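Remember, predicted model here, so these are calculated numbers, not experimental data. Below, all heavy atoms of this structure are taken into account, side chains as well, without hydrogens, waters or symmetry copies.
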Amino acid sequence: MKTFAFFVDDRLFRRQNMELTAIYHRPESEYAYLYKEDQLHIRIRTKKDDIQEVILHYGDPFIFIEDKYEAKKEMTKVTSDALFDYWQVTVSVNFARIQYLFELLDEEGQGVYYGDKGCVEHTRENLDAEGNGFKLPYIHEIDGCQVPDWVSNTVWYQIFPERFANGNPNLTPDGAREWDAAIAPNRDDFFGGDLQGIIDHLDYLKDLGITGLYLCPIFEATTNHKYDTTDYFEIDRHFGDKEVFRNLVEEAHKRGIKIMLDAVFNHIGYQSAQWQDVLKNGEKSPYKDWFHIQEFPVTEDKLQNPRQLPYHTFAFASYMPKLNTANPEVRDYLLSVATYWIENFDIDAWRLDVANEIDHQFWKDFRKAVLAKKPDLYILGEIWHTSQPWLQGDEFHAVMNYPLSESIKDYFLRQRKKTEQFISEINSQSMYYKQQISEVMFNLLDSHDTERILTTAKGNIQHVKAALTFLYLQKGTPCIYYGTELALIGGPDPDCRRVMPWDRVSEDNDMLNFMKKLIKVRKEVASIIQHGNYRLEEVKPDVLSLKWNYEGKEVQTIFNQSSENFVLERDSVDLSSHCQFEDGQQVILPDGFIITVSK
């Protein structure tokens with residue numbers, strides 16, 4: 001009888017105190033990958049506090065046949081969550097190939113080897129056995145996860161164009177409401193925001209420190225949100241025209257600001273020419289296979305029950321029929337859209353709406369098409385959960401980091417998570433992806449799809465400042481939602497889409513000045529965060545320390561989430577909030593925090 005490939009000899013269980021079932025590694029994944037140039041990152045997971053030392057034995061697989069492993073290197077425990085320790089090492093190889101085996105030792109010095117056959121006894125024979133080692137047979141650079149260099153240093157600002165600024169009143173829709181941030185918008189309200197309004201405030205954004213703009217959809221559509229596209233090749237008439245958009249891109253670029261557009265390719269608008277042709281001609285329509293139609297004819301009387309629609313949609317929204325992206329005609333059409341705005345207007349990035357509901361093959365084709373036009377274009381997927389299948393190097397560069405967002409909001413804003421649990425979640429998330437992916441993850445706290453963070457915090461601006469500070473000190477590329485810097489409130493959609501409160505802009509606006517300082521600090525320490533190692537720990541009950549180290553430089557932040565003052569022996573800080581300086585000491589009040597940078 002043949003044994004399973006990862007069979008573990010039961011004698012190991014009897015002789016070892018370590019938890020062998022917790023040990024995990026997978027080649028060609030976030031556990032073993034090409035980071036940059038000739039640097040390989042190798043990771044392994046073990047039970048928390050179970051293993052004392054991990055050693056990686058490695059070398060060329062063909063040299064191994066004669067001389068066994070050429071080298072060994074001690075791995076570093078880089079982080080831990082509630083259940084596991086995570087170890088990592090960086091190695092280089094000479095011939096773009098590697099065979100490797102893990103040696104794991106517990107506190108008593110007992111050990112096992114772990115490789116392609118699972119756990120085997122700690123013997124010389126098993127160390128020298130060719131079949132025990134993991135292999136990366138040949139490391140092709142083209143197979144690696146390559147990301148645009150500029151993204152990791154970008155600070156993003158998300159704009160919902162209909163609500164940011166009205167720069168051309170002649171374009172304002174009939175019946176538009178008064179521009180007043182106190183108004184909670186209804187789902188179908190218009191206020192008159194447009195592209196010229198964005199152009200008019202580019203200097204404001206530059207002064208804030210913004211270097212990237214993420215614009216919600218700007219193409220022709222019937223709604224205020226524009227996620228029901230009627231024509232992907234036209235700017236919505238209430239936003240402007242192509243020349244205004246061209247001017248926006250050019251003026252943004254002059255100020256060092258990148259432009260990211262929203263690609264809504266999962267579905268199209270009810271009023272689009274393609275869908276209207278289906279409604280008119282039914283099965284005779286040349287577009288009938290552009291959609292997922294379950295039953296003909298598609299008539300108004302069949303749209304009464306959202307859960308019994310005769311065609312697939314986004315969610316159960318009848319006005320947004322889902323596109324069949326596996327259809328070659330649909331694929332070619334949408335790829336022509338994607339490349340058109342790159343070739344003709346020099347956009348810098350695409351944000352991909354409902355990205356996880358579109359087939360993987362389409363996104364592979366999308367990546368090839370857009371990067372052929374602009375090799376350093378940033379491809380960002382909207383996915384709200386862990387996203388490894390889309391981040392293997394052949395689809396997206398990154399996704400919107402909602403897991404991080406929820407953890408931060410639960411801890412700092414909702415205050416329903418204990419410090420120990422928060423640390424565990426952040427540490428676990430830090431191991432989700434390859435490092436180059438983590439460096440360009442799109443980190444946010446709120447958006448047009450969520451309630452605003454000041455509302456989540458029940459109006460506590462200090463909690464919002466702490467949450468933003470933690471976000472801006474994470475690996476990835478941070479983003480704020482328009483109006484956050486002016487303490488704009490708003491509940492769930494559509495209330496989170498209030499108009500920008502321009503009347504609050506002033507030199508003494510506390511929140512605005514805080515965001516300028518925070519963004520400035522982020523830019524100064526970005527390289528330390530993106531390339532360094534971090535440690536997140538509870539130094540006292542509910543006092544959280546976040547520390548980054550890289551090439552002799554250190555960034556440390558102390559968040560006092562307790563009900564008592566926390567004293568730090570430090571005579572100066574780079575940024576502080578809710579703190580006092582007394583007798584050469586920093587007194588961090590409850591809900592306060594400080595950032596210090598040591599160079």
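Within a 6.0 Å sphere centred on CD of Gln585, heavy atoms belonging to other residues, nucleotides or ligands number more than 12. Shown here is Lys77, whose NZ atom has more than 12 heavy atoms of other residues, nucleotides or ligands within 6.0 Å. Summarising the local packing, NZ of Lys517 is surrounded by 12 or fewer heavy atoms from other residues, nucleotides or ligands at distances under 6.0 Å. With a 6.0 Å radius and a threshold of 12 heavy atoms from other residues, nucleotides or ligands, Arg26 has its CZ atom above the threshold. Residue-environment remark: CD (Gln39) exceeds the threshold of 12 foreign heavy atoms within 6.0 Å. With a 6.0 Å radius and a threshold of 12 heavy atoms from other residues, nucleotides or ligands, Glu524 has its CD atom above the threshold.
Among the candidates His225, Arg163, Gln158, the single residue satisfying the side-chain hydrogen bond (donor to acceptor under 3.5 Å, both in side chains) test with His448 is Gln158. Partner of Tyr86 under the side-chain hydrogen bond (donor to acceptor under 3.5 Å, both in side chains) criterion, chosen from Thr46, Thr79, Asp81: Asp81. If you run side chain to side chain contact (heavy atoms under 4.5 Å, CB included) between Gln435 and each of Gln88, Lys36, Glu30, only Gln88 comes through.
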Give the intermediate values and the outcome of side-chain hydrogen bond (donor to acceptor under 3.5 Å, both in side chains) for residues Ser407 and Gln429.
-> CA-CA 10 Å; Ser407 293; Gln429 291 170 22; 3.0 Å; yes
Test salt bridge (Lys or Arg N to Asp or Glu O under 4.0 Å) on Arg504 and Glu485 and set out the steps.
-> CA-CA 10 Å; Arg504 300 181 192 176; Glu485 76 279 16; over 6 Å; no
Would you check, one step at a time, whether the test side-chain contact (heavy atoms from CB on, under 4.5 Å) holds for Val399 with Leu391?
-> CA-CA 8 Å; Val399 295; Leu391 298 174; 4.3 Å; yes
Going through the distances and angles, do Lys417 and Glu425 end up as a salt bridge (Lys or Arg N to Asp or Glu O under 4.0 Å)?
-> CA-CA 10 Å; Lys417 197 179 295 292; Glu425 289 183 8; 2.8 Å; yes
side-chain contact (heavy atoms from CB on, under 4.5 Å) assessment of Tyr534 paired with Ser430 = CA-CA 10 Å; Tyr534 84 99; Ser430 73; 3.3 Å; yes
Start with the C-alpha distance between Ile358 and Leu352, add both sets of side-chain angles, then the distance that settles side-chain contact (heavy atoms from CB on, under 4.5 Å), and finish with yes or no.
-> CA-CA 10 Å; Ile358 294 176; Leu352 311 173; over 6 Å; no
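Within the 3.5 Å criterion, the main-chain N or O of Ser438 finds no donor-acceptor partner in the side chain of Tyr432. Panel note: side chain Trp150, backbone Lys258; no donor-acceptor pair is recorded below 3.5 Å. Checked by atom type and distance alone, the side chain of Lys475 pairs as donor or acceptor with a backbone atom of Ile529 at under 3.5 Å. Between the side chain of Asn401 and the main chain of Met441, no donor-acceptor pair closer than 3.5 Å is present. Put simply, the side chain of Thr477 gets close to the backbone of Val151: a donor and an acceptor are under 3.5 Å apart. Between the Asn224 side chain and the Arg187 main chain, a donor and an acceptor come within less than 3.5 Å of each other. Formation of a donor-acceptor pair under 3.5 Å by the Trp548 side chain with backbone atoms of Leu473 is found in this model. Counting only distance, with no hydrogens or angles, the side chain of Asn513 and the backbone of Asn509 share a donor-acceptor pair below 3.5 Å. Formation of a donor-acceptor pair under 3.5 Å by the Asn560 side chain with backbone atoms of Glu564 is found in this model. Side chain of Asp495 to main chain of Glu451: no donor-acceptor pair is present (N/O by atom type, distance under 3.5 Å, no hydrogens or angles).
Checked for salt-bridge contact, Glu537 and Arg535 meet the test: a charged N lies under 4.0 Å from a carboxylate O. A salt bridge links Asp449 with Arg497: the closest approach of a Lys/Arg side-chain nitrogen to an acidic carboxylate oxygen falls below 4.0 angstrom.
The shortest distance between side-chain heavy atoms of Val440 and Thr154 does not fall below 4.5 Å. Counting only heavy atoms from C-beta outward, the side chains of Met511 and Lys465 approach each other to under 4.5 Å. Residues Glu108 and Gln52 have side chains not in contact (no heavy-atom distance under 4.5 Å, counting atoms from C-beta outward). Residues Thr557 and Ser545 fail the side-chain proximity criterion, which asks for heavy atoms closer than 4.5 Å. Residues Leu589 and Gln580 form a side-chain contact, since some pair of their non-hydrogen atoms from C-beta on lies under 4.5 Å apart. Looking at Leu104 and Tyr114, their side chains come closer than 4.5 Å, going by heavy atoms from C-beta outward. Here the side chains of Asn153 and Thr211 are not in contact, with every heavy-atom distance at 4.5 Å or above. Here the side chains of Arg452 and Ile489 are not in contact, with every heavy-atom distance at 4.5 Å or above.
Using a 3.5 Å distance cut-off with no hydrogens or angles, the side chains of Asn549 and Asn533 do not pair a donor with an acceptor. No side-chain donor-acceptor contact under 3.5 Å links Gln561 and Thr419. Side chains of Tyr214 and Arg351: a donor on one and an acceptor on the other come within 3.5 Å. A donor-acceptor contact under 3.5 angstrom links the side chains of Asp348 and His253, judged on distance only.
Under the 6.0 Å cut-off for aromatic ring centres, Phe102 and His25 qualify, their centroids lying closer than that. Note: Tyr204 and Tyr157 fail the aromatic proximity criterion, with ring centroids not under 6.0 Å apart. Taking the centre of each ring, Trp502 and Phe164 come in below the 6.0 Å mark. Ring-centre distance between Phe412 and Phe559: below the 6.0 Å cut-off.
Interatomic distance, Ile383 CD1 to Glu357 CD, rounded to the nearest 0.5 Å: 10.0 Å. Interatomic distance, CD1 of Ile159 versus CG of Leu205, reported as 5.5 Å (0.5 Å rounding). In this structure, CG in Asp50 is found 9.0 Å from CD in Glu107, a value given to the nearest 0.5 Å. Note: Ile588 CD1 to Phe593 CZ = 10.0 Å, rounded to the nearest 0.5 Å. Atom SG of Cys579 is separated from atom CG of Asn565 by 9.5 Å, given to the nearest 0.5 angstrom. For the atom pair SG (Cys216) and OH (Tyr227), the distance works out to 3.5 Å, reported to the nearest 0.5 Å.
Taking every heavy atom of both residues into account, Gly193 and Trp179 meet most closely at N-CZ3, 3.7 Å. Closest heavy-atom contact between Ala457 and Val464: CB-CG2, 3.8 Å. Among all heavy-atom pairs drawn from His41 and Thr90, the shortest one is CD2-OG1, 3.3 Å. Contact record, Asp189 with Arg177: OD2-NH1, 2.8 Å, taken as the closest heavy-atom pair. Of all non-hydrogen atoms in Phe514 and Thr469, the two that sit nearest each other are CZ-OG1, 3.4 Å. Residues Ile453 and Lys409 come closest through the heavy atom pair CG2-CD, 4.1 Å.
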